[in-house]
Amino acid sequence: MSLLAIEADYVFANDPPRDYLSRYRQLGRYVPEGSKPGAMAAAVYVTHRVLPLDYAHYGRLPAQSLRAIEAFVSRAQRFIKECARHTHVCLPFMPDSNLVCLAFNLVGNSSIDLANELVHRLHEEMRIDPHAPVQIREFFGSTTSLRLDMLDPEVVPQLLEQLHRTVPVVEYATARLLVLRHTIMNPFLLDEENGVSYIDRYFEFLARRIECVRCPG
């Protein structure tokens, strides 16, 4: 149950006395999934009626998403070669789920801070801006950071070698590498009926972003 438990901050937001917490902490903490709101249970019911849980119906959605992941990784590997003249790009890990990350470093750079700044600037045009309409964004993306001291010791040298950089021993324990993170869940990224690949369009967009960052103005 702990894996699925969610603490409702609004229930104990006013810092109640310790004896109150000990008596009432469990009150209302667990409820059957779908019991509130009723629309959630109704949505599950309707979805399963429209798309039964078998390979010929609902199964086509995750299957298409898996194809998109494979296409994304394949396109990323081509992108790595296309950028090699000016930017080191790599897949830190070959994905075994729908999460695919990309790491970047400009050719000739040896600073992890500058490599992270590059990723930060690439991400600027892919994040939600609360002061602008979401429709102006071509793509949305997120970032995450990799703590080098938490990775497999055999993986780190390979990762740094692909990025053509090193990390001084004194910085190693605190070094974090910022990467672009892609969660591939959309089954419509490969629009084969209309001959459109949004994955290809994304990497074209990413190439333009790198060029803008490398050659501002």
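Remember, it's a predicted structure, so these values are computed and weren't measured experimentally. What you see below is based on every heavy atom in this structure, not just the backbone, and it leaves out hydrogens, waters and symmetry mates.
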Margin query: Between Val119 and Asn116, is the side-chain contact (heavy atoms from CB on, under 4.5 Å) condition met? List the steps.
Written below: CA-CA 5 Å; Val119 175; Asn116 290 343; 5.6 Å; no
Next item on the list: Could you pull out the closest heavy-atom pair between Arg78 and Asp200, with the gap in Å?
Entry: NH1-OD1, 4.4 Å
Check: Closest heavy-atom contact between Pro92 and Val179?
Finding: CG-CG1, 4.3 Å
Next item on the list: Answer whether the closest heavy-atom distance between the side chains of Ser65 and Asn98 falls below 4.5 Å.
Entry: no
Next item on the list: Determine yes or no for a side-chain-to-main-chain donor-acceptor pair under 3.5 angstrom, with Asn105 supplying the side chain and Thr87 the backbone.
Entry: no
Notebook entry, point to check: Does Tyr55 OH have over 12 foreign heavy atoms under 6.0 Å away?
Noted result: no
Margin query: Working to the nearest 0.5 angstrom, can you tell me the gap between Leu146 CG and Asp149 CG?
Written below: 11.0 Å
Check: Is a side-chain N or O of Gln158 found less than 3.5 angstrom from the main chain of Glu154, in a donor-acceptor match?
Finding: yes
Next item on the list: Over all heavy atoms of both residues, which pair between His88 and Leu106 is shortest? Give the atoms and the distance, please.
Entry: CD2-O, 4.1 Å
Notebook entry, point to check: How long is the gap from OG on Ser142 to CZ on Arg181, to the nearest 0.5 Å?
Noted result: 4.0 Å
Notebook entry, point to check: Do Phe72 and Phe203 have ring centres separated by under 6.0 Å?
Noted result: yes
Notebook entry, point to check: What heavy-atom pair brings Ile199 and Arg75 nearest, and what distance separates the two atoms?
Noted result: CG2-CB, 4.0 Å
Check: For the side chain of Ser145 and the backbone of Arg176, is there at least one donor-acceptor N/O pair under 3.5 Å apart?
Finding: no
Margin query: Classify the ring geometry of Phe139 against Phe205: parallel below 30°, tilted from 30° to 60°, perpendicular beyond 60°.
Written below: tilted
Margin query: Quick test of your reading: applying salt bridge (charged side-chain N to carboxylate O under 4.0 Å, His left out), list the pairs with at least one residue in residues 113-128, sequence neighbours left out, ordered by first then second residue.
Written below: Glu125-Arg137
Check: Just wondering, are more than 12 heavy atoms of other shown residues or ligands nearer than 6.0 Å to CZ in Phe93?
Finding: yes
Notebook entry, point to check: Below 4.5 Å, heavy atoms only, C-beta onward: do Leu180 and Leu206 meet side chain to side chain?
Noted result: yes
Item checked: Nearest atoms (heavy-atom pairs only) where Asn186 meets Ala68 -> O-CB, 4.4 Å
Margin query: Treating Asn194 as the side-chain partner and Val196 as the backbone partner, does any N or O pair qualify as donor plus acceptor under 3.5 Å?
Written below: no
Next item on the list: Check Leu102 against Ala76 and note the closest heavy-atom contact, atom names and distance.
Entry: CD2-CB, 4.2 Å
Item checked: Electrostatic pair Glu204:Arg201 at N-O distance under 4.0 angstrom -> no
Next item on the list: Would you mind reporting whether Ile112 and Leu178 have side-chain heavy atoms less than 4.5 Å apart?
Entry: no
Item checked: Heavy-atom donor-acceptor pair, Ser74 side chain to Glu70 backbone, under 3.5 Å -> no
Notebook entry, point to check: Taking NZ, NE, NH1 and NH2 as the nitrogens, is one of them in Glu138 or Arg208 under 4.0 Å from a carboxylate oxygen of the other?
Noted result: yes
Notebook entry, point to check: Any side-chain donor paired with an acceptor under 3.5 Å for Tyr202 and His182?
Noted result: yes
Check: Does Asp191 reach the main-chain N or O of Ser197 with its side chain, forming a donor-acceptor pair under 3.5 Å?
Finding: no
Margin query: If you count heavy atoms of other groups shown closer than 6.0 angstrom to CG of Asp96, is the number above 12?
Written below: no
